[in-house]
Amino acid sequence: MKKVQLNPMGWMSQLSQAEVARLQDASDSELFTMFRNCSLAVLNSGVDEDNFETLFAPYESFDIRLVRRERGVKIELINPPEVAFVDDNLVRGVHEHLFAVLRDLLYMGDKYDFLHQHSPADGAQITDMVFDMLRHAKALEGNDGVNTIVCWGGHSINQVEYKYTKEVGYQLGLRDMNICTGCGPGAMKGPMKGAAIGHAKQRHKSGRYVGISEPSIIAAEPPNAIVNELIIMPDIEKRLEAFVRLAHGIVIFPGGVGTAEELLYLLGILMNERNDQQPFPVILTGPAGSEEYFEAVDTFIAETLGKEAQKKYQIIVNDPEEVARSLCKGLEKVKKYRGAMGDAFSFNWSLKIERDFQQPFIPTHESMAGLQLDHHQSRSDLASNLRRAFSGIVAGNVKAEGIKQIKENGPFEITGDRTLMKHVDVLLESFVKQHRMKLPGSAYEPCYLVK
């Protein structure tokens, strides 16, 4: 049996005895199972796998414990994956990530009672909670330079698209921009890798590569090795809010339903009339050959949310330099607006996010079938419900609880207005044909039926 003890790092190295006691109490709770699974995912950093059963299967004997010390707590690993070690020494980045998991899931999880859904339900309180978690993670420190670019895109992309994400990241890095992604492989890793080279060339030594995940997705998308700041939000809605409040601009690469979910979330917020004056640069981009993907997405947005939604983003194909230059222009507008509003540069308080975009949606066969998917509602509300439908498909594709439901009860059924459902079906079918639902080489069996 292999045992490894780790000294605390970062904010977790400065705890009071009362805080240590609360952590130990949490180690006897259901929350600890979540902590164990997320820690195991972190220890598999760099492994390209999006099936939690395949990822966890070899490590049934793995365990993790908290060891109390006067100065705080140590983490003890029992039979950890060898991939996390170099010459019997744990990779330093993995060491840091483990204490980030401890901070976000046990310390903050106990503070906000993640498991029992007793977290704040009021919109302002939810935003305060997101702010508090980012502040504890020190993600807001150094984020006042108006240079944080959130990059969204699929974990299942081809090599041409992956190289393109690196090139865009490189151009952003040359302009001293920092990168924030969902922290996994593919389009979440490429921009960080490219930016690291750009930062090195510019001797920019404080480059930030922020990865924001959540417990049910991290096992399917373990943090890539470039991430130097890992943050785990309690659910997808708070993860998405953290992205948009932290971001100064957003780049969206080709992806599947998860990327579509993120785009719908963002558009639903930006279409709120209270955000009309809010400058928020959003660029959809990919290499030559990705035109078909963007045509499908753009057509879907036009047919469902209308021309006003299309005005919220621009599409740039095969021009990384233009992407970076356009973002630079957009960031100047962001800086002027935040200054005029008296808003913080590090956290976008003035962005209005309605309660429907903040409340957790738990995908079940009942909740998926009950979604209102028709045009008898505002465009923002439709965006919110479409986002939930796509979130359910993500769950059925890669999340443990979603996969279990599909195995037991069959595919989720998505029903609604016939014309609208046709547009949804066409977009989803294009993702399947382009192999964007699962990692390359994986056979995909739809977890949904569009009716």
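What you are looking at is a predicted structure, and each value in this text was computed from that prediction instead of being measured.
Remark: K2 is positioned above the aromatic ring of F85, its terminal NZ or CZ atom under 6.0 angstrom from the ring centre and at most 45 degrees off the axis.
A side chain to side chain contact (heavy atoms under 4.5 Å, CB included) with V130 is found for exactly one of Q358, R239, M233, namely M233. Put simply, the residue from N318, N158, T285 that forms a side-chain hydrogen bond (donor to acceptor under 3.5 Å, both in side chains) with Y164 is T285.
The neighbour count for D276 CG, taken as heavy atoms of other residues, nucleotides or ligands under 6.0 Å away, is above 12. Around NZ of K333, the count of heavy atoms belonging to other residues, nucleotides or ligands within 6.0 Å does not exceed 12.
In this structure, F131 and F347 have perpendicular ring planes: the angle between them is above 60°, well past the 30° mark. Aromatic ring orientation, Y209 versus H199: tilted (interplanar angle from 30° to 60°).
With no hydrogens or angles considered, no side-chain donor-acceptor pair links Q405 and E401 at under 3.5 Å. Looking at S350 and N348, their side chains do bring a donor and an acceptor atom within 3.5 Å of each other.
Within the model, atoms CG of N147 and CG of D144 stand 8.5 Å from one another, a figure rounded to the nearest 0.5 Å. One finds the CZ atom of R274 at 13.0 Å from the CD1 atom of I269 (value rounded to the nearest 0.5 Å). Separation of atoms CE (M188) and NZ (K193) is listed at 14.5 Å; rounding is to 0.5 Å.
Using a cut-off of 4.0 Å between Lys/Arg side-chain N and Asp/Glu carboxylate O, E322 and R325 are scored as salt-bridged.
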Step by step, would you call K138 with E229 a salt bridge (Lys or Arg N to Asp or Glu O under 4.0 Å)? CA-CA 9 Å; K138 297 187 176 180; E229 297 179 47; over 6 Å; no

Walk me through it: do K311 and E308 pass the test salt bridge (Lys or Arg N to Asp or Glu O under 4.0 Å)? CA-CA 5 Å; K311 292 177 183 178; E308 286 304 310; 3.1 Å; yes

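Legend: residues meeting ring pair (Phe, Tyr, Trp, His ring centres under 6.0 Å) with F253, ordered by chain and number and at least two apart, are absent. Listed by chain and number, the residues in a side chain to side chain contact (heavy atoms under 4.5 Å, CB included) with N143 are T148, R208, L246, H248, S346 (sequence neighbours excluded). Checked against ring pair (Phe, Tyr, Trp, His ring centres under 6.0 Å), F280 has no partners two or more places apart in sequence or in another chain.
In this structure, I75 and H95 have side chains that are not in contact, with every pair of non-hydrogen atoms separated by 4.5 Å or more.
Judged by distance alone, with hydrogens and angles left aside, the side-chain atoms of D343 form a donor-acceptor pair with the main-chain N or O of W349 at under 3.5 Å.
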